[in-house]
Amino acid sequence: MTTTNNTKQFAILGSPVSHTLSPMMHNFIAEKNNIDMEYRAFDVSSDAFDEFFTNIKTSRFLGFNITAPHKISVMKHLDVISDDAKKIGSVNTVVNKNGVWHGYNTDGDGFCESLLIEGHCIRDKHILLMGAGGAARSLCCKLAEKGAKSITVTARTMEKVHIIGDMLEQYTDVKFYDTIQRSSTYDFVINTTPLGMHPYEEKNPCDFMDMISERTVCCDLIYNPEKTEFLKAAEKRKATIINGLGMLVCQGILAFELFHDITLDRKLFYDLLMKKLSNF
Ligand code: NAP
């Protein structure tokens, strides 16, 4: 690929980023849309982030994806933060609009968009999330907005569960629970913990598999491995299983739209990228 002074520059900032699929996704969509751009990955440690971001803001970059561990620390560097990102409390997409730096969070929208494309409706559904970190917060915000009937969050740190409960209470009418309701039937059970990925490959965060049936949609935000222990156990109980690749692809498509101020044929690019990335 040849670049010139006109080539638009984008990057992902995080640590580690050596295995990130974002450059491949963004460069692929750009090529299909004849957009002259380059997208790179920079491994930036927590200690180095503030100085790095202050410097890179003065260079030619037009946007960044922000991944762990910088999704909160980037916020103080931005001029405008979207209402969603404020509610969620973290930013994963940064866009330079004529020198004004805007922050967004596309994780929750990416997750919901991937469910929609896969033909699953969220409205009036009972949803259970395992884990209460940044991704859970982003998902809860959007699942409530899309009309979920109830949201239950379980996690080892109850303080974080209650932060999500408070956010939902402040902004939505969704019914929120901080413990599993054994009498309930959950339509969606979602793993947002790292249990199932390296170094926890053998772990299944779900100790209520008996509540999962062929009517449950079980989602894992993890996409490597393709099938976590949780998804394998859910499959044995005939549940529908969905890993995190669709969410990754959709949050990337949404970030691309924000970077370039365009609307993509999301289903088309979802299908193309799912096919391309499934081979990696
Ligand atoms: P996070 O903010 O660190 O939150 C992780 C959550 O999992 C917290 O509730 C944490 O509990 C819990 N947890 C961590 N280690 C645990 C353990 N050993 N046992 C039980 N609970 C544990 O992380 P995040 O940003 O929300 O990301 C969560 C997961 O989603 C990661 O696997 C990430 O790769 C994935 N993700 C995927 C996508 C995608 O596009 N597919 C996008 C974003 C994130 P404590 O608070 O007590 O530590």
Side-chain angles (χ1 to χ4, degrees), residues 12-26 46 65-75 84-85 88-93 104-115 117-118 128-143 151-165 167 178-180 189-208 218-231 241-256 270 273-274 277-278 280:
I12 182 165
L13 312 180
S15 189
V17 285
S18 54
H19 292 104
T20 179
L21 297 172
S22 292
M24 194 191 301
M25 279 199 292
H26 281 263
S46 293
N65 282 124
I66 308 292
T67 187
H70 309 311
K71 288 183 179 183
I72 297 171
S73 43
V74 72
M75 293 175 83
D84 276 353
I88 295 161
S90 66
V91 158
N92 75 343
T93 304
Y104 305 88
N105 191 310
T106 63
D107 279 338
D109 274 325
F111 178 77
C112 292
E113 185 76 23
S114 71
L115 286 188
I117 291 178
E118 292 292 343
L128 169 56
L129 283 94
M130 299 175 280
R137 208 175 143 100
S138 184
L139 261 60
C140 285
C141 177
K142 287 293 150 178
L143 291 166
I151 295 181
T152 303
V153 179
T154 65
R156 63 182 179 183
T157 308
M158 285 311 282
E159 198 188 331
K160 291 191 182 174
V161 174
H162 292 138
I163 290 174
I164 294 181
M167 174 195 67
D178 62 4
T179 43
I180 292 172
V189 177
I190 306 165
N191 176 33
T192 77
T193 78
L195 298 184
M197 67 189 255
H198 183 76
Y200 309 112
E201 291 95 335
E202 307 305 320
K203 300 247 186 239
N204 176 356
C206 183
D207 51 14
F208 44 88
C218 291
C219 309
D220 206 316
L221 300 200
I222 296 167
Y223 52 85
N224 186 12
E226 193 185 333
K227 254 185 227 174
T228 56
E229 286 303 311
F230 167 54
L231 292 187
I241 60 165
I242 298 177
N243 74 14
L245 191 63
M247 172 181 171
L248 178 83
V249 162
C250 286
Q251 63 78 30
I253 291 172
L254 296 175
F256 193 97
Y270 178 85
L273 284 167
M274 288 298 277
L277 299 182
S278 298
F280 278 85

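Count residues from 1 along the sequence. Every value quoted in this text rests on a predicted model; they were computed, and no experiment measured them. When a ligand or atom number is given, it counts from 1 through the structure's own listing order.
- Evaluated by nearest non-hydrogen atom to atom 31 (C) of ligand 1, the leading choice among Met158, Met197, Met247, Met130 is Met197.
- The side-chain hydrogen bond (donor to acceptor under 3.5 Å, both in side chains) check on Asn224 picks up nothing, with sequence neighbours excluded.
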- Apply the test salt bridge (Lys or Arg N to Asp or Glu O under 4.0 Å) to residues Asp84 and Lys142: give CA-CA distance (whole Å), side-chain angles for both, the deciding distance (0.1 Å), then the verdict. CA-CA 9 Å; Asp84 276 353; Lys142 287 293 150 178; 2.6 Å; yes

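- By the criterion of a heavy-atom distance under 4.0 Å, neither the backbone nor the side chain of Leu245 is placed next to ligand 1.
- Taking any N or O of Gly131, backbone or side chain, none lies under 3.5 Å from an N or O belonging to ligand 1.
- Judged as a ring pair (Phe, Tyr, Trp, His ring centres under 6.0 Å), and not counting sequence neighbours, the contacts of His26 are Tyr39, Phe256, Phe259.
- The protein heavy-atom contact nearest to atom 15 (N) of ligand 1 is Arg156 NH2, 3.4 Å.
- Considering backbone and side-chain atoms together, Gly134 places an N or O closer than 3.5 Å to an N or O of ligand 1.
- Here the protein heavy atom with the shortest distance to atom 4 (O) of ligand 1 is Gly133 CA, 3.2 Å.
- Of the protein's heavy atoms, none falls inside 4.0 Å of atom 33 (C) of ligand 1.
- Looking at Leu129 and Asn191, their side chains never come closer than 4.5 Å, going by heavy atoms from C-beta outward.
- Residue contact check: Thr157 has heavy atoms under 4.0 Å from atoms 45 (P), 46 (O), 47 (O) of ligand 1.
- When the options Cys219, Pro194, Cys250 are ranked by their closest heavy atom to atom 12 (C) of ligand 1, first place goes to Pro194.
- When only modelled atom types and interatomic distance are considered, Ser90 and Asn105 share a side-chain donor-acceptor pair under 3.5 Å.
- If you check each of Gly252, Ser114, Ala135 against atom 25 (O) of ligand 1, the one with the closest non-hydrogen atom is Ala135.
- Smallest separation of non-hydrogen atoms from Ala132 and Val153: CB-CG1, 3.9 Å.
- The atoms of ligand 1 that sit less than 4.0 Å from any heavy atom of Thr193 are 7 (O), 32 (O).
- Every atom of ligand 1 with a heavy atom of Ala132 under 4.0 Å away is listed here by number and element: 8 (C), 9 (O).
- Between the CD1 atom of Ile190 and the SG atom of Cys140 there is a distance of 8.0 Å, given to the nearest 0.5 Å.
- Under 4.0 angstrom from ligand 1, the non-hydrogen atoms of Thr192 all belong to its backbone.
- There is no protein heavy atom less than 4.0 angstrom from atom 23 (O) of ligand 1.
- Heavy-atom neighbours of Glu201 CD from other residues, nucleotides or ligands within 6.0 Å: above the threshold of 12.
- Here the side chains of Leu195 and Ile222 are not in contact, with every heavy-atom distance at 4.5 Å or above.
- For Gln251 against Asp107, the heavy-atom pair with the smallest separation is CG-OD1, 4.1 Å.
- Residue Lys160 touches ligand 1 through its side chain alone, judged by heavy-atom distances below 4.0 Å.
- For atom 36 (N) of ligand 1, the closest non-hydrogen atom of the protein is Leu221 CB, 4.0 Å.
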